[in-house]
Enquirer: 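Got a structure for you, questions after.
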There are 2 protein chains.
Amino acid sequence: MLALLTLVDHYHQGDPLQIRQIAAQQHIPDRYLEQLLATLRRSGLVCSQRGARGGYSLAREPWKITLLEIIRCIEGRESQGQTPPPASLTIERAVVHEIWQEADQAANHVLENCTLQDLCDRKAAQQQIGLMYYI
Amino acid sequence: MLALLTLVDHYHQGDPLQIRQIAAQQHIPDRYLEQLLATLRRSGLVCSQRGARGGYSLAREPWKITLLEIIRCIEGRESQGQTPPPASLTIERAVVHEIWQEADQAANHVLENCTLQDLCDRKAAQQQIGLMYYI
DNA sequence: CATAATCTCCGATGGAGAACCGGAGTATAC
DNA sequence: GTATACTCCGGTTCTCCATCGGAGATTATG
């Protein structure tokens, strides 16, 4: 997520950003970030350019990527986000499963209506608030 | 949760339910259920009666126990539900943390407005639907 | 074309938490 | 006082996350 925000900041430039730079800027171990970005690449959220002067860039405009998509990619590398209905399906299990799904959907609704661009806008707003202290 | 539903079913009777019976009815390993119920007891959601003819019973009326309370008890044995704001607090981390909180609150809102009694009512409704197939 | 820079793939490690089992102790109805 | 329960404590296994290291593939550039 932090890495993606860094990519948004860099989006208007044409050249890709390298793992090293993103990692350093956000204080994330680069070897770990590499894995996450690889996952996002396989899901088609970011593009990678191999070789010298390579790096990563967003595959789409930042206002067309919702946070829900990102979460789905990350958590859905093995376990599908939709928890499968429990094996031995008694009525109580079904009912509990249902309410859980509802809570999950409520959270997803928030994430679905927030794009990377929105997050960046918030960041900008926060920064302005921060500036106010010094003026 | 399943165990608590069983306790609700038994709520109008005065006598407590034993771990064995709950576990057998809901197909939960009893040694594990014991741990969970102990946690709920320490949180004051259920009462226990030791000794022969002992067992567990709800500490409050089922319509006065929300699912959020239950979740908080279970997940909050060590980690406080509110994820603490990240240590190295850059602006991006704060913003990401904020949206996560919002999603979490949306889910909690659903769980807050659902009591054990509500779940039982749903169960009853489901059972009626099930009956319709046979009539 | 050689080379350095960079992503890519794969395997390994350590820690945390969940799920689970077993034993020794304690309280209580009968 | 004894059988029946809960209670406490420790241990095992399993999975997932975070992390690191190495060998290989790809490409801009001189």
Side-chain angles (χ1 to χ4, degrees), chain A residues 1-3 6-7 10 14-24 26-59 70-81 83-84 86-88 93 100, chain B residues 1-3 6-7 10 14-24 26-59 70-81 83-84 86-88 93 100:
Chain A
M1 207 75 113
L2 296 170
T6 311
L7 287 180
H10 201 260
D15 55 329
L17 255 182
Q18 288 148 224
I19 288 183
R20 291 254 182 91
Q21 299 175 26
I22 305 175
Q26 300 295 343
H27 310 101
I28 306 172
D30 50 356
R31 285 324 221 124
Y32 181 45
L33 179 57
E34 177 195 308
Q35 277 182 235
L36 298 181
L37 284 177
T39 302
L40 294 179
R41 181 184 56 83
R42 282 188 280 269
S43 304
L45 282 184
V46 300
C47 295
S48 67
Q49 175 67 33
R50 298 179 75 166
R53 305 229 169 165
Y56 285 89
S57 49
L58 291 182
I70 303 170
I71 303 292
R72 286 266 161 84
C73 291
I74 294 297
E75 80 177 4
R77 43 185 152 208
E78 193 61 24
S79 62
Q80 59 276 34
T83 306
S88 62
R93 281 175 200 258
W100 255 98
Chain B
M1 207 76 114
L2 296 171
T6 311
L7 287 180
H10 201 259
D15 54 329
L17 255 183
Q18 287 148 227
I19 288 184
R20 292 253 180 93
Q21 298 176 24
I22 305 175
Q26 299 295 343
H27 309 101
I28 306 171
D30 50 355
R31 286 321 222 131
Y32 182 45
L33 179 57
E34 176 195 308
Q35 278 181 235
L36 299 180
L37 284 177
T39 302
L40 294 179
R41 181 183 58 83
R42 281 188 280 269
S43 304
L45 282 185
V46 300
C47 295
S48 67
Q49 175 68 32
R50 299 180 74 166
R53 307 232 170 162
Y56 285 89
S57 50
L58 291 180
I70 303 170
I71 303 291
R72 286 267 162 83
C73 290
I74 294 297
E75 82 177 1
R77 43 185 152 209
E78 193 60 26
S79 62
Q80 61 275 34
T83 306
S88 62
R93 280 175 200 258
W100 255 96

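All chains are named by letter (A, B, ...) in the order of the sequence lines, taking the proteins before the strands, and each is independently numbered beginning at 1. The analysis underlying the following values was restricted to heavy atoms, covering all of them including side chains, and did not include hydrogens, waters or symmetry mates.
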Enquirer: Contact class for Leu37(B) (heavy atom, under 4.0 Å): base, sugar-phosphate, or nothing?
Expert: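 If one applies the 4.0 Å heavy-atom cut-off, Leu37(B) turns out to touch nothing in the nucleic acid.
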
Enquirer: Would you please test Asp15(A) and His10(A) for side chain to side chain contact (heavy atoms under 4.5 Å, CB included) and show each step?
Expert: CA-CA 8 Å; Asp15(A) 55 329; His10(A) 201 260; 3.3 Å; yes

Enquirer: Whole Å only: how far is the CE atom of Met1(A) from the C1' atom of dC17(D)?
Expert: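 From Met1(A) CE to dC17(D) C1': 17 Å.
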
Enquirer: Just how far, in rounded Å, is C1' of dA3(D) from CZ of Arg20(B)?
Expert: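 That distance rounds to 12 Å.
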
Enquirer: Between atom CD1 in Ile28(A) and atom P in dC17(D), what is the gap in whole Å?
Expert: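 Those two atoms, CD1 and P, are 16 Å apart.
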
Enquirer: Take the protein atom CG of Leu36(A) and the nucleotide atom P of dC16(D), then report the distance between them rounded to whole Å.
Expert: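 To the nearest whole Å, that distance equals 16 Å.
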
Enquirer: Are the side chain of Arg93(A) and the backbone N or O of Leu2(B) linked by a donor-acceptor pair below 3.5 Å?
Expert: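 Not confirmed, Arg93(A) side chain does not pair with Leu2(B) backbone.
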
Enquirer: Choose from dC8(D), dT8(C), dT19(D) the nucleotide whose nearest atom is closest to any side-chain atom of Pro29(A).
Expert: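 In terms of side-chain proximity for Pro29(A), the closest of dC8(D), dT8(C), dT19(D) is dT19(D).
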
Enquirer: Can you tell which of dT19(D), dG10(D), dA4(C) lies closest to the side chain of Ala52(A)?
Expert: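 Closest nucleotide among those given: dA4(C).
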
Enquirer: Determine: side-chain N/O of Arg41(B) to OP1/OP2 of dC6(D), distance under 4.0 Å, yes or no.
Expert: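 No, Arg41(B) has no side-chain N/O under 4.0 Å of OP1/OP2 on dC6(D).
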
Enquirer: Toward the 5' end of DNA chain D, which comes first, Glu34(A) or Gln49(A), by nearest nucleotide?
Expert: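 First, find each residue's nearest nucleotide; the 5'-ward one identifies Glu34(A).
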
Enquirer: Return the minimal non-hydrogen interatomic distance between Tyr56(B) and Ala38(B), and the atom names on each side.
Expert: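 Distance-wise, the nearest heavy atoms are OH-N, 4.2 Å.
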
Enquirer: Do the side chain of Gln18(A) and the base of dC7(C) come within less than 3.5 angstrom through a donor-acceptor pair of N or O atoms?
Expert: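 A donor-acceptor contact between them is absent.
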
Enquirer: Is Gln35(A) close enough to dC9(C) that one of its side-chain N or O atoms is under 4.0 Å from OP1 or OP2 there?
Expert: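 No, outside the criterion.
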
Enquirer: Hey, is the side chain of Arg42(A) poking within less than 4.0 Å of OP1 or OP2 on dC9(C), counting only N and O atoms?
Expert: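 For dC9(C), OP1/OP2 do have a side-chain N/O of Arg42(A) under 4.0 Å.
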
Enquirer: Kindly say if Ser48(B) contacts the phosphate of dT7(D), meaning a side-chain N or O under 4.0 Å from OP1 or OP2.
Expert: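 For dT7(D), OP1 or OP2 has a side-chain N or O of Ser48(B) closer than 4.0 Å.
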
Enquirer: Drop me the distance from Leu45(B)'s CG to Ile70(B)'s CD1, to the nearest 0.5 angstrom.
Expert: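 Rounded to the nearest 0.5 Å, the CG-CD1 separation comes out at 6.5 Å.
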
Enquirer: Could you tell me how far apart Arg31(A) (CZ) and dT8(C) (P) are, to the nearest whole angstrom?
Expert: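 From Arg31(A) CZ to dT8(C) P: 12 Å.
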
Enquirer: If only side-chain N and O atoms of Arg53(B) are considered, is one of them under 4.0 Å from the OP1 or OP2 phosphate oxygen of dA5(D)?
Expert: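 No, because none of the side-chain N or O atoms of Arg53(B) sits under 4.0 Å from OP1 or OP2 of dA5(D).
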
Enquirer: Side chain of Tyr32(A) only, please: which of dA18(D), dG22(D), dA18(C) is the nearest?
Expert: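 Of the candidates, dA18(D) comes closest.
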
